[in-house]
Amino acid sequence: MKVSERIEKLRQLMEEKGMDAYIVPTADYHQSEYVGEHFKVRAFMTGFTGSAGTAVFTKDEAGMWTDGRYFIQASQQMEGTGVMLRKMGEPGVPSVEEYLKETLGENCVIGFDGRTVGVDEGQVYADIAAEKKGSVIYDYDLVDEIWEDRPPLSEKPAFLLDVKYAGETVASKLERVRAAMKEAGANTHIITSLDDTGWLLNVRGDDVEYFPLLLSYTVVKMDSVELYVDERKLNDEIKAEFEKNHVCIHAYNDVYEAVKKLGADDVVMIDPRRMNYALYNNIPDSVQTVKQENPTILMKAVKNDVEVENIKKAHIKDGVAHTKFMYWLKKNVGKIEMTELSASDKLEEFRAEQDNFLWPSFEPICAYKEHGAIVHYTSTPETNVELKEGALFLTDTGGHYYEGSTDITRTVALGEVSQIEKDHFTAVAVSMLNLADVKFLYGCSGMNLDYVAREPFWRQNLNFNHGTGHGVGYLGNIHEPPTGFRWQFRPNEIHPFEANMIITDEPGIYIEGSHGIRTENELLVCNGEKNEYGQFMYFEPITFVPIDLDAINPDLMSVKEKQLLNDYHKKVYELIAPHLTEEEQEWLKEYTREI
């Protein structure tokens with residue numbers, strides 16, 4: 001069935017239910033950024049497979065809102081479908097809310113599956129409808145009636161994360177969460193975000209491709225925990241740990257009926273950005289709610305010392321794998337047949353050779369030549385191309401290890417590349433190095449520091465249409481709030497940097513139809529000197545892979561910038577060389593030489 005045919009069937013169902021608009025977001029029932037196959041409803045209805053976006057269907061139009069990372073990809077994937085690309089943030093492009101206000105008439109009915117829409121978002125839609133003397137209908141998943149071969153919910157087994165990796169017991173984490181609940185005046189806390197439950201209960205799953213998450217809802221009370229999950233996924237070890245911490249197991253979907261039984265004595269803490277609209281509306285009106293960010297958000301973002309040491313070990317392993325891959329690329333390009341997909345597989349092979357490797361930490365981005373300009377490009381059998389000398393090859397990949405998760409981007413020159421590509425590559429490298437080198441006072445957020453990364457681009461009237469960095473979870477979400485590098489305001493990325501946070505540093509340049517360049521390291525936030533001016537802080541790079549000197553133009557670098565690169569490469573050689581063969585060591589010595 002073509003996308004256009006699916007849209008026509010959806011409109012028929014909308015007509016039957018009396019809906020004037022139907023909204024299809026990207027999320028699952030837990031407001032996850034990345035979702036399992038069962039929840040890829042927006043991709044099914046539009047053909048656009050990127051990780052972010054909202055589709056809106058009316059009687060006359062179909063629109064797809066997404067951000068700058070996906071403009072090229074969405075345009076290509078939706079060509080001929082009848083779905084109009086709405087480029088978020090671009091001049092003259094209305095937001096979803098503005099579009100609904102402009103398009104819908106009096107007495108309109110806005111429909112959506114309330115399990116896939118957040119509390120605040122759902123309330124916005126309800127307010128828009130109310131202004132027009134209309135209403136919302138949120139208890140129908142219309143696409144389910146169209147999607148005949150829809151994948152079932154995952155049934156993959158979960159696993160326990162030992163305290164030698166987690167660094168803190170479940171009992172200790174529950175104690176901290178209950179203290180936060182008490183401070184907020186709550187005696188019940190509903191957690192719907194999957195990574196928060198995983199962190200709190202030291203349990204991981206395999207329900208979202210690439211992400212070690214377990215489909216579940218958690219209700220924390222002062223003396224027990226009610227966990228709503230498919231019990232078949234839990235082994236005896238997990239159940240024993242749960243019993244020890246008074247965690248009671250219930251069927252996954254029973255949470256919707258359970259919250260209806262909350263009483264007037266319950267004061268419930270919820271995070272409206274992470275709870276879905278349907279679940280929230282099942283809480284009786286008589287129950288007092290406290291709306292604030294899940295306390296687990298900041299707790300898990302600030303890694304404990306055991307996690308930090310483990311993460312550093314994971315990055316050494318990842319550095320070894322990626323350096324071996326870079327050597328393999330340089331040695332074999334033009335000599336053996338290689339493609340985007342086969343090179344991606346080769347990189348995963350090198351990672352799989354490392355102890356405690358689980359699986360990739362997100363869908364690999366392996367982009368040759370002009371594909372590199374598509375920020376979140378994913379190679380497929382249809383788009384896969386051969387790698388040849390004379391162009392750049394970008395890989396944005398990562399691995400999950402028991403010691404933590406990694407996220408690294410390197411762009412490699414395959415043979416000789418053009419001068420403009422070298423100049424752009426150098427600008428990206430300089431940006432990444434300069435940001436990693438900043439010192440700042442406690443209280444700064446990514447909005448304060450993002451300018452350091454963008455200044456080399458803005459000086460040349462260039463920019464990149466994505467954030468410069470994001471927090472990274474420990475065997476959880478690779479994009480982890482509450483901080484990031486971004487010059488534009490985002491409420492979930494404005495928390496001041498705290499020591500032991502992990503954040504990426506990944507500027508880029510994207511020239512449509514020609515090339516794309518991104519260089520990414522992960523940084524550990526560290527406390528520096530504390531004096532009469534306050535607590536000074538700095539970043540410690542924890543990613544160790546060469547930055548390709550074949551693509552560097554030293555003439556564009558200051559003395560300080562050359563020294564930053566030389567110092568970084570010295571550390572790369574020191575940490576990675578002992579794990580390589582003699583031939584690979586010689587190669588690494590050449591590619592970490594001083595410039």
Side-chain angles (χ1 to χ4, degrees), residues 1-67 69-70 73-75 77-78 81-88 93-101 103-104 108-126 128-129 134-151 153 208 273 275-279:
M1 192 190 307
K2 295 179 180 178
V3 167
S4 58
E5 294 171 331
R6 295 169 188 170
I7 294 172
E8 188 55 39
K9 285 200 170 188
L10 179 68
R11 286 187 173 130
Q12 292 171 10
L13 292 171
M14 289 167 58
E15 183 72 25
E16 290 175 17
K17 304 295 183 186
M19 297 177 187
D20 298 288
Y22 191 74
I23 300 167
V24 180
T26 302
D28 56 15
Y29 305 155
H30 307 272
Q31 300 303 291
S32 303
E33 179 184 10
Y34 295 92
V35 301
E37 294 301 314
H38 178 82
F39 298 104
K40 293 184 178 179
V41 178
R42 190 220 64 223
F44 176 79
M45 287 304 303
T46 65
F48 166 56
T49 61
S51 69
T54 299
V56 179
F57 302 92
T58 66
K59 295 174 182 178
D60 304 310
E61 292 182 328
M64 175 68 233
W65 278 257
T66 192
D67 61 51
R69 296 172 297 170
Y70 293 114
Q73 178 182 340
S75 177
Q77 290 184 327
M78 297 192 305
T81 63
V83 183
M84 181 184 299
L85 172 61
R86 303 278 188 171
K87 297 181 178 181
M88 291 168 59
V93 178
S95 66
V96 170
E97 294 80 7
E98 290 167 341
Y99 173 81
L100 293 172
K101 288 178 181 179
T103 305
L104 300 180
C108 65
V109 176
I110 300 173
F112 52 88
D113 180 353
R115 297 169 299 177
T116 64
V117 169
V119 174
D120 289 346
E121 184 183 2
Q123 191 57 54
V124 167
Y125 300 146
I128 292 171
S135 60
V136 297
I137 298 177
Y138 64 87
D139 47 1
Y140 290 107
D141 179 0
L142 296 186
V143 180
D144 192 56
E145 299 183 40
I146 302 169
W147 198 351
E148 295 177 357
D149 57 347
R150 185 174 186 173
L153 288 174
V208 181
R273 285 212 300 267
M275 177 179 282
N276 73 55
Y277 188 74
L279 185 62

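What you see below is based on every heavy atom in this structure, not just the backbone, and it leaves out hydrogens, waters and symmetry mates. All figures in this text were calculated on a predicted structure; none of them were measured in a lab. Count residues from 1 along the sequence.
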Here the pair of heavy atoms bringing I146 nearest to R6 is CD1-O, 3.8 Å
Worksheet item: Is any side-chain N of the basic residue among K101 and E98 closer than 4.0 Å to the acidic one's carboxylate O?
Response: no
* Examine distances only and state if a side-chain atom of D20 and a backbone atom of V109 form a donor-acceptor pair shorter than 3.5 Å. => yes
To the nearest 0.5 Å, atom CZ of R150 lies from atom CD of E37 at 11.5 Å
dist L104:CG -> I128:CD1 (nearest 0.5 Å) comes out at 8.0 Å
Side-chain heavy-atom pair R115, D141 within 4.5 angstrom cut-off | yes
Next item on the list: Decide yes or no on side-chain contact (heavy atoms from CB on, under 4.5 Å) for D28 and H38, but give the supporting numbers first.
Entry: CA-CA 9 Å; D28 56 15; H38 178 82; over 6 Å; no
Scanning both residues in full, the closest heavy-atom pair of T26 with G53 reads OG1-O, 2.5 Å
Chi angles and distances behind the side-chain contact (heavy atoms from CB on, under 4.5 Å) call for W65, Y99
CA-CA 11 Å; W65 278 257; Y99 173 81; 3.6 Å; yes
Rounded to the nearest 0.5 Å, the CE atom of M1 sits from the NZ atom of K9 at a distance of 4.0 Å
* Below 4.5 Å, heavy atoms only, C-beta onward: do R42 and M64 meet side chain to side chain? -> yes
dist L13:CG -> E15:CD (nearest 0.5 Å) comes out at 10.5 Å
Scanning both residues in full, the closest heavy-atom pair of V83 with G63 reads CG1-C, 4.1 Å
d(Y277 OH, D120 CG) to nearest 0.5 Å is 11.0 Å
- Message: For L279 and Y29: C-alpha separation, side-chain torsions, deciding distance, then whether side-chain contact (heavy atoms from CB on, under 4.5 Å) applies.
- Response: CA-CA 9 Å; L279 185 62; Y29 305 155; over 6 Å; no
* Asked: So, does R11 use its side chain to make a donor-acceptor pair with the main chain of T58 at under 3.5 Å?
  -> yes
Q) Given T46 and T81, is the side-chain contact (heavy atoms from CB on, under 4.5 Å) satisfied, shown in steps? A) CA-CA 7 Å; T46 65; T81 63; over 6 Å; no
Could you check whether any side-chain N or O of Y22 sits under 3.5 Å from a backbone N or O of L142, counting only pairs where one atom can act as donor and the other as acceptor? yes
Legend entry - Neighbour count >12 (heavy atoms, 6.0 Å) for atom NZ, K17: yes
**Request:** Look at the aromatic rings of F112 and Y138 and report parallel, tilted or perpendicular, splitting at 30° and 60°.
**Result:** parallel
| query | Any chance the side chains of Y140 and E16 put a donor and an acceptor closer than 3.5 Å? | reply | no
Exercise. Does the side chain of V208 reach to within under 4.5 Å of the side chain of F39, using non-hydrogen atoms?
Worked result: no
Between A129 and C108, the two heavy atoms sitting closest are CA-SG, 4.2 Å
Heavy-atom closest pair (I7 atom, A62 atom, distance to 0.1 Å) is CD1-CB, 4.1 Å
- Query: Can you tell if the side chain of V93 reaches within under 4.5 Å of the side chain of M88, non-hydrogen atoms only?
  - Reply: no
Notebook entry, point to check: Is the shortest heavy-atom distance from the side chain of K40 to the side chain of P151 under 4.5 Å?
Noted result: no
task: Side-chain contact test, heavy atoms from C-beta onward, threshold under 4.5 Å: evaluate it for P25 versus Q31 and give yes or no.
output: no
Are more than 12 heavy atoms from other residues, nucleotides or ligands located less than 6.0 Å from atom CD of E97? yes
S51 and Y70 have their tightest heavy-atom pair at OG-OH, 2.6 Å
**Report entry** pair T103-V56: side-chain heavy atoms closer than 4.5 Å
**Finding:** no
*Should the heavy atoms of other residues, nucleotides or ligands under 6.0 Å from CD of E5 be counted, would the total exceed 12?*
yes
Would you say the side chains of T49 and Q73 form a donor-acceptor pair under 3.5 Å?
yes
Quick one, Q12 and E8 - any side-chain contact, counting heavy atoms below 4.5 Å?
yes
Here the gap from D139 atom CG to D113 atom CG, rounded to the nearest 0.5 Å, amounts to 9.0 Å
Residues at least two apart in sequence or cross-chain that pass ring pair (Phe, Tyr, Trp, His ring centres under 6.0 Å) with F44, listed by chain then number, are W147
